Amino acid sequence: EIGGVTGSLARRSEELYSSLDATGQQATRQLFLRLVSLGEGTEDTRRRVRRSELATTDAIDDVINLYGQYRLLTFDKDPASHEPTVEVAHEALIRTWERLRTWINESREDLRVQRRVSGAVTEWLGSGKDNSFLASGARLTQFQEWRDSTELILNEDEQTYIQTSIDAQEARQA
């Protein structure tokens, strides 16, 4: 009657979401979109995310704690950096929670660009913030236009990377 374990997961997720105020609901959307890997011709899957990749707000922290309390999120440490990580506990949640499916489908292109930005940030940070790893030209234009129009919240490193890339391009043009 309740749809088995997977139906129970989706129902609990929706109950928790409905219990939140507008700020908490927005934080839930931001969090869960970060915790999904887009399938290209395959199903979307869960994604382990370093805690530092998530925007640091009280609302995000509260949502992580709430969904973690109900074991809908799991916590670990990154094997290489030993940094805390977060991920969706049950991949079935991605397939069965209708609200999450809707968010993913509405934000699919935004998520693709965000993942490109995130990858560029990782390379830039890994290089010791070498300016040759900054975005420029059409790629920078894409990132800047996306930043100015997206509903996704950028973390501090993503904001810094895009702004540093803009500043470097302006300095070159000057």
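Counting begins at 1 with the first residue of the sequence. Note that the structure is predicted; figures quoted are calculated from it, not measured.
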Who are the side chain to side chain contact (heavy atoms under 4.5 Å, CB included) partners of [X], not counting sequence neighbours?
X   : value
Q69 : L66
F75 : I64, L73, V86
S19 : none

* Residues forming a salt bridge (Lys or Arg N to Asp or Glu O under 4.0 Å) with D61, sequence neighbours excluded -> R51
Between [X] (side chain) and [Y] (backbone), is there a donor-acceptor pair under 3.5 Å?
X    : Y    : answer
S107 : D110 : no
T74  : A89  : no
D44  : L38  : no
T102 : E98  : yes
T164 : T160 : yes

* Asked: Could you give all pairs that pass the ring pair (Phe, Tyr, Trp, His ring centres under 6.0 Å) test and reach residues 149-174, with sequence neighbours left out?
  ->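 Every pair satisfying ring pair (Phe, Tyr, Trp, His ring centres under 6.0 Å) with a residue in residues 149-174: W124-Y161.
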* To do: Please collect all ring pair (Phe, Tyr, Trp, His ring centres under 6.0 Å) contacts where either partner lies in residues 12-46, sequence neighbours excluded, each pair once.
  =>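 Residue pairs with at least one partner in residues 12-46: Y17-W103, F32-Y67, F32-W97.
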* Asked: Should T45 and V36 count as side-chain neighbours, where that means a heavy-atom distance under 4.5 Å?
  ->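 T45 does not reach V36 side chain to side chain.
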* When rounded to the nearest 0.5 angstrom, what distance separates OG1 in T96 from CD in E14? -> 11.0 Å
Sequence-distant partners of [X], side-chain hydrogen bond (donor to acceptor under 3.5 Å, both in side chains), two or more places apart:
X    : value
N65  : none
R48  : E87
N155 : none
R71  : none

* Asked: Quick one: do the S52 and E83 side chains pair a donor with an acceptor below 3.5 Å?
  -> yes
Which pairs would a plain distance check flag for residues 128-137, meaning a side-chain donor or acceptor within less than 3.5 Å of a matching protein atom at least two apart in sequence or in another chain?
unit_1: D130; atom_1: OD1; unit_2: S132; atom_2: N; d: 2.7
unit_1: D130; atom_1: OD1; unit_2: S132; atom_2: OG; d: 2.8

* **Inter- and intrachain pairs under salt bridge (Lys or Arg N to Asp or Glu O under 4.0 Å), touching residues 145-159, at least two apart** =>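 Passing the test, one end in residues 145-159: R34-E158.
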